[in-house]
Amino acid sequence: MLRALRNQTQSIFFKIFLVLLICGFALWGVGDLTGGNTSKSILKTNNQNITIERAINDLNRARYSTPTRPSMKETLENGMYNNVLNKLEQEILLNSEGEELKLYVPMQVLTRIISDENSFKDPLGKFSQTKFVQSLNNAGLSESKYLEMLKTEANLKQISTPFAINEHYNEKIIKKIIDWQNEIRTIDYDVFPLVDKKNINKPSSSILEEFFTQNKNNYKLPQTRNFQYIEINPSDFQNKINVTDKQIKEKYDNEKSTYITEEKREILQITTQDEQKAIDFVKEVKNNNNFAEVAKKLFRLTMNDINLGLLKKDDLPSTNNNAVFNAKLNDIIGPVKSQFGFNVYKINKIIPETKKEFLEVKKEIKDKLIYDLSVEILFEKLDTIEDIVAEGSNISEIASSNIFDKKLPIIEINNISKNGLIYSFAEQKKFFNQPNIFLKQIWDANINQMSEIFNTKNDTYVLLTVLEENNELQPSYEQSKELVYKDWLEKELIVKSKENAKQLLLNKNFKFSKNISIKRDSKKLDEINDIYLINQIFEISGDDITYLNSQNKIIAVKLLNTKIDNYVFEKQLYNQINSSFSKSYFNDFANFYINHLSSKHDLKRNYNEMESLLRNTE
């Protein structure tokens with residue numbers, strides 16, 4: 001039963017068992033938190049209760065089950081804390097529902113589950129009381145707690161069975177989905193340019209203010225930070241390096257093999273277990289000199305089947321490679337016996353070995369030497385830079401330090417949000433194109449304090465200081481009017497351009513210049529590479545002309561007909577869609593059901609005190 005239950009561990013319900021029973025980590029002792037009243041309830045329903053102490057134990061158990069053993073602060077940031085709370089919420093709701101429904105698990109069933117569990121068996125396959133106790137201790141579980149977990153699993157199975165067993169959908173439904181995927185639409189269309197901005201009269205302030213009011217939320221700034229940073233690169237130390245011709249030549253001689261491109265050959269091959277067939281094949285090829293035609297005639301092989309592509313000598317088996325690479329262009333080699341049978345080869349193309357001479361690569365080697373030596377200096381200087389930071393130097397003083405050959409530029413960025421968007425009153429928001437660690441450092445740093453030196457990409461290191469933090473802000477029209485005008489103009493260009501296209505189409509002599517049939521999975525419409533545009537075309541209903549915009553163009557589209565492309569209804573695809581439906585249904589219903597139980601059993605949460613304890617830890 002326990003094994004059967006574990007088969008459903010991917011479902012949302014079974015994710016409540018965040019702590020695996022047998023995870024082999026050491027018992028953690030007293031715990032990581034002191035102080036505070038941990039006997040208070042963190043979760044409570046009409047007939048069940050979970051204390052802060054229990055939640056802390058589960059959180060510790062989860063922390064200690066990972067190799068990195070995150071700190072309490074990290075558990076709040078990496079999602080582990082939320083996962084534990086979700087697990088506890090689901091557990092208390094399932095048990096509350098189980099108690100109301102008077103569900104129970106007979107002791108003989110629990111006994112059988114325990115005795116069948118492999119982790120509790122001795123080498124002879126028999127239940128061992130010693131291994132049972134040892135395993136529970138290793139997992140930080142008492143026997144009573146383990147039995148409670150089994151009962152919760154049993155409650156889950158009994159409660160979820162009516163909607164968990166949902167393996168097959170009507171084949172007609174699946175076929176409709178596959179039909180939808182294979183829909184083809186035939187359309188007439190034409191492409192029109194946007195009107196010139198000069199033809200759009202600037203609106204009055206009242207029009208722009210009304211536009212701002214209607215789209216106010218688009219201009220709201222979330223919580224953001226302003227910061228400065230410097231980048232420290234190997235290039236900052238290159239002027240200190242002098243590379244001699246002797247060093248360059250030595251490096252070339254030491255790495256000469258890297259400047260040699262091995263010979264490659266395009267090889268055709270057939271393999272057969274019958275030596276006589278291989279001999280006959282060679283004779284016929286030599287008679288008509290067409291390897292591919294004979295391969296197709298005698299072995300039903302296509303060019304794709306016989307063409308091995310461009311290979312180096314080491315790409316072939318050692319038993320064959322000498323013969324193949326000693327042959328001349330268009331030579332037939334074989335039959336050659338190998339572990340796979342009898343091989344026959346033809347040399348279809350030869351790309352000779354090439355070698356770059358010293359003078360060709362001298363500059364490349366010099367640049368590489370300078371870079372490598374610069375990296376060494378950078379690493380030597382990092383400790384010095386850290387010392388300067390520890391002494392309290394600010395970012396301007398560090399950027400001007402004589403550690404570097406020149407003053408480093410200080411880059412300032414304002415209004416960056418937690419999700420990496422840079423906001424402005426005058427411009428559209430932009431994405432901060434840096435690695436995630438950069439964004440994390442911005443939001444982990446204290447205000448007006450230097451961050452630690454951190455590596456962003458390759459050998460680039462960064463120091464930053466956060467200047468200030470800005471609360472969420474709803475700017476006024478006056479603050480946003482430049483951006484408001486740009487947004488209004490962009491929208492007005494589309495409106496006027498569509499009106500212009502409509503006027504052209506009203507011309508009695510107008511005829512669509514383009515006609516095409518497209519599938520739902522098409523990536524572009526002729527020269528317009530825009531999947532979203534394709535999706536819009538497949539949302540058109542009726543035979544009216546529809547006006548769409550994409551890539552600074554207006555596309556007028558008239559739907560002519562739709563049909564389903566010919567396809568073979570494959571059982572494998574049916575099973576894949578069926579499985580996806582079943583999982584999606586179970587997860588959607590499970591989420592809804594948990595929310596329902598939360599309301600039904602009047603779930604009360606008390607997270608503030610526990611979060612306060614966690615934030616004051618370490």
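A salt bridge is absent between Lys563 and Glu183: the closest approach of a Lys/Arg side-chain nitrogen to an acidic carboxylate oxygen does not fall below 4.0 angstrom. Here Lys40 does not pair with Glu53 in a salt bridge; the nearest charged N to carboxylate O distance is not below 4.0 Å. A salt bridge does not link Lys151 to Glu99: none of the charged nitrogens lies less than 4.0 Å from a carboxylate oxygen. Ion pairing between a basic and an acidic side chain is recognised when a charged N comes within 4.0 Å of a carboxylate O; Lys491 and Asp487 show no such pairing.
Residues Thr302 and Asp305 have side chains that bring a donor and an acceptor to within less than 3.5 angstrom of each other. Between Asn95 and Gln48, the side chains place no donor N or O within less than 3.5 Å of an acceptor N or O (distance only, hydrogens not considered). With no hydrogens or angles considered, a side-chain donor-acceptor pair links Gln228 and Glu412 at under 3.5 Å. A side-chain N or O of Asn60 and one of Arg63 form a donor-acceptor pair less than 3.5 Å apart. Counted by atom type alone, Ser517 and Thr186 present one or more donor-acceptor pairs between their side chains at under 3.5 Å.
Between Phe454 and Tyr461, the distance separating the two ring centers is not shorter than 6.0 angstrom. Taking the six-membered ring wherever Trp is involved, the centroid distance between the rings of Tyr146 and Phe120 falls below 6.0 Å. Taking the six-membered ring where the residue is Trp, the centroids of Tyr229 and Phe438 are separated by under 6.0 Å.
Heavy atoms only, all atoms of each residue included: Leu464 and Ala445 are closest at CD1-CB, 4.2 Å. Closest heavy-atom contact between Leu439 and Asn419: CD2-C, 3.9 Å. Nearest heavy-atom pair, Lys519 versus Phe538, reported as atom, atom and distance to 0.1 Å: C-CZ, 3.4 Å. Scanning both residues, Arg112 and Ser115, for their nearest heavy atoms gives O-OG, 3.0 Å.
Aromatic ring orientation, His596 versus Tyr593: tilted (interplanar angle from 30° to 60°).
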